[in-house]
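The next block holds one structure in the form of structure tokens; read it before the comments.
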Amino acid sequence: MRTDRTFTMLKPDSVEKGNIGAIVDKINAAGFRIVAMKLTHMTSQDAQEFYAVHSERPFYGELVEYMTRGPVVAAILEKDNAVADFRTLIGATNPADAAEGTIRKLYAASMGENAVHGSDSDENAAIEGAFHFSGREMF
Ligand code: IDP
Ligand code: MG
């Protein structure tokens, strides 16, 4: 299992607010190489599958609505220790708890609308990257 890649989405609120460029700048400045990137609009079935681990949580329906209301920027990022370093860069799930300077502190509105996704393990990074990209779209 490789440890130098993670998967991210700039969520619909980031796209709506015109924050794609600013967030990609932060990602580049933190030393991540972009391996794959595209705008994509998930169907409800896509979002239900992507977030299946949360299907029993009370916010699942709201989460699927949010993640399908417009396109996201999906990307695979490469750097040593990618998963943990990217989680540090994005900050806590709830922007109120996120450290100063993190992407969620800067750009997230709330716990639900929190600007970005970051994989939580090397295994999930591989699964989530393959969910969105074919081998021919990774560079
Ligand atoms: P993470 O994105 O920081 O890994 P998770 O606990 O995996 O956080 O939750 C996945 C996503 O579900 C969050 O990023 C957020 O968009 C949403 N979410 C999590 N907890 C809540 C909540 O209590 N209310 C509404 N949405 C939530
Ligand atoms: Mg998570």
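Note that this is a predicted model, so its numbers are computed, not measured. Just so you know, residue 1 is the first one in the sequence shown, and it goes up from there.
- A donor and an acceptor atom, one from each side chain of Thr43 and Asp46, are located under 3.5 Å apart.
- When all heavy atoms of Asn28 and Ile34 are compared, the closest pair comes out as OD1-CD1, 4.0 Å.
- The two residues Asn114 and Met111 have their closest heavy-atom pair at ND2-O, 3.5 Å.
- Salt-bridge annotation for Arg104 and Glu113: absent, with no side-chain N of the basic residue lying under 4.0 Å from a carboxylate O of the acidic one.
- Heavy atoms of other residues, nucleotides or ligands lying less than 6.0 angstrom from CZ of Arg136 number 12 at most.
- Asn19 has its side chain out of reach of Leu106: every pair of non-hydrogen atoms, C-beta onward, lies at least 4.5 Å apart.
- In this structure, the side chains of Gln48 and Ser55 stay at 4.5 Å or more apart for every pair of heavy atoms.
- Under the 6.0 Å cut-off for aromatic ring centres, Tyr51 and Tyr60 do not qualify, their centroids lying 6.0 Å or more apart.
- Within the 3.5 Å criterion, the main-chain N or O of Ile90 finds no donor-acceptor partner in the side chain of Lys26.
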Side chain to side chain contact (heavy atoms under 4.5 Å, CB included) between Glu49 and Phe131, worked out: CA-CA 10 Å; Glu49 200 178 320; Phe131 185 91; 3.5 Å; yes
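- In this structure, Thr6 and Ile76 have side chains that are not in contact, with every pair of non-hydrogen atoms separated by 4.5 Å or more.
- Between Thr40 and His132 there is a side-chain heavy-atom pair separated by less than 4.5 Å.
- Remark: side-chain polar atoms of Asp13 are paired, donor with acceptor, to backbone N or O of Ala115 under 3.5 angstrom.
- Counting only heavy atoms from C-beta outward, the side chains of Arg5 and Val35 approach each other to under 4.5 Å.
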Verdict with supporting geometry, Asp120 and Arg87, side chain to side chain contact (heavy atoms under 4.5 Å, CB included): CA-CA 8 Å; Asp120 62 6; Arg87 297 287 301 198; 4.2 Å; yes
Verdict with reasoning, Lys11 to Tyr66, per side chain to side chain contact (heavy atoms under 4.5 Å, CB included): CA-CA 8 Å; Lys11 296 182 177 183; Tyr66 161 51; 3.3 Å; yes
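- Thr68 places a side-chain N or O within donor-acceptor distance of the main-chain N or O of Val64, the cut-off being under 3.5 Å.
- Checked against side chain to side chain donor-acceptor pair (under 3.5 Å), Glu62 has no partners two or more places apart in sequence or in another chain.
- Cluster membership for Leu63 and Met42, using ILVMFWY side-chain heavy atoms within less than 4.5 angstrom, is shared.
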Trace of the side chain to side chain contact (heavy atoms under 4.5 Å, CB included) decision for Leu10 with Val24: CA-CA 9 Å; Leu10 314 192; Val24 172; 4.1 Å; yes
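- Contact annotation: the side chain of Met9 never approaches that of Val73 to less than 4.5 Å [non-hydrogen atoms, C-beta and beyond].
- Residues Ile27 and Leu89 share a closest heavy-atom pair of CA-CD2, 4.1 Å.
- Following chains of ILVMFWY side-chain contacts shorter than 4.5 Å, one can reach Ile20 starting from Phe32, so the two form part of one hydrophobic cluster.
- Using the six-membered ring where Trp is involved, His117 and Phe7 have ring planes that are tilted, between 30° and 60° apart.
- In terms of heavy atoms, Ala82 sits closest to Leu77 at CB-O, 4.3 Å.
- The side-chain tip of Lys38 points at the ring of Phe133 from less than 6.0 angstrom away and within 45° of straight on.
- Linking Ile, Leu, Val, Met, Phe, Trp and Tyr residues whenever their side-chain heavy atoms come within less than 4.5 Å places Phe50 and Met67 in a single cluster.
- Within the 4.5 Å cutoff, the side chain of Ile23 has heavy atoms near those of the Val116 side chain.
- Around the CD atom of Glu65, the shell of radius 6.0 Å holds no more than 12 heavy atoms that belong to other residues, nucleotides or ligands.
- A heavy-atom distance below 4.5 Å is not found between the side chains of Lys105 and Pro95.
- By the rule that hydrophobic residues join a cluster once side-chain heavy atoms approach within less than 4.5 Å of another member, Val72 and Phe59 end up as members of one cluster.
- Scanning for side chain to side chain contact (heavy atoms under 4.5 Å, CB included) contacts around Ser121 gives Glu123, Asn124, with sequence neighbours left out.
- Taking both residues in full, the closest heavy atoms of Lys79 and Asp85 are given as NZ-OD2, 2.5 Å, listed atom of the first, atom of the second, then distance.
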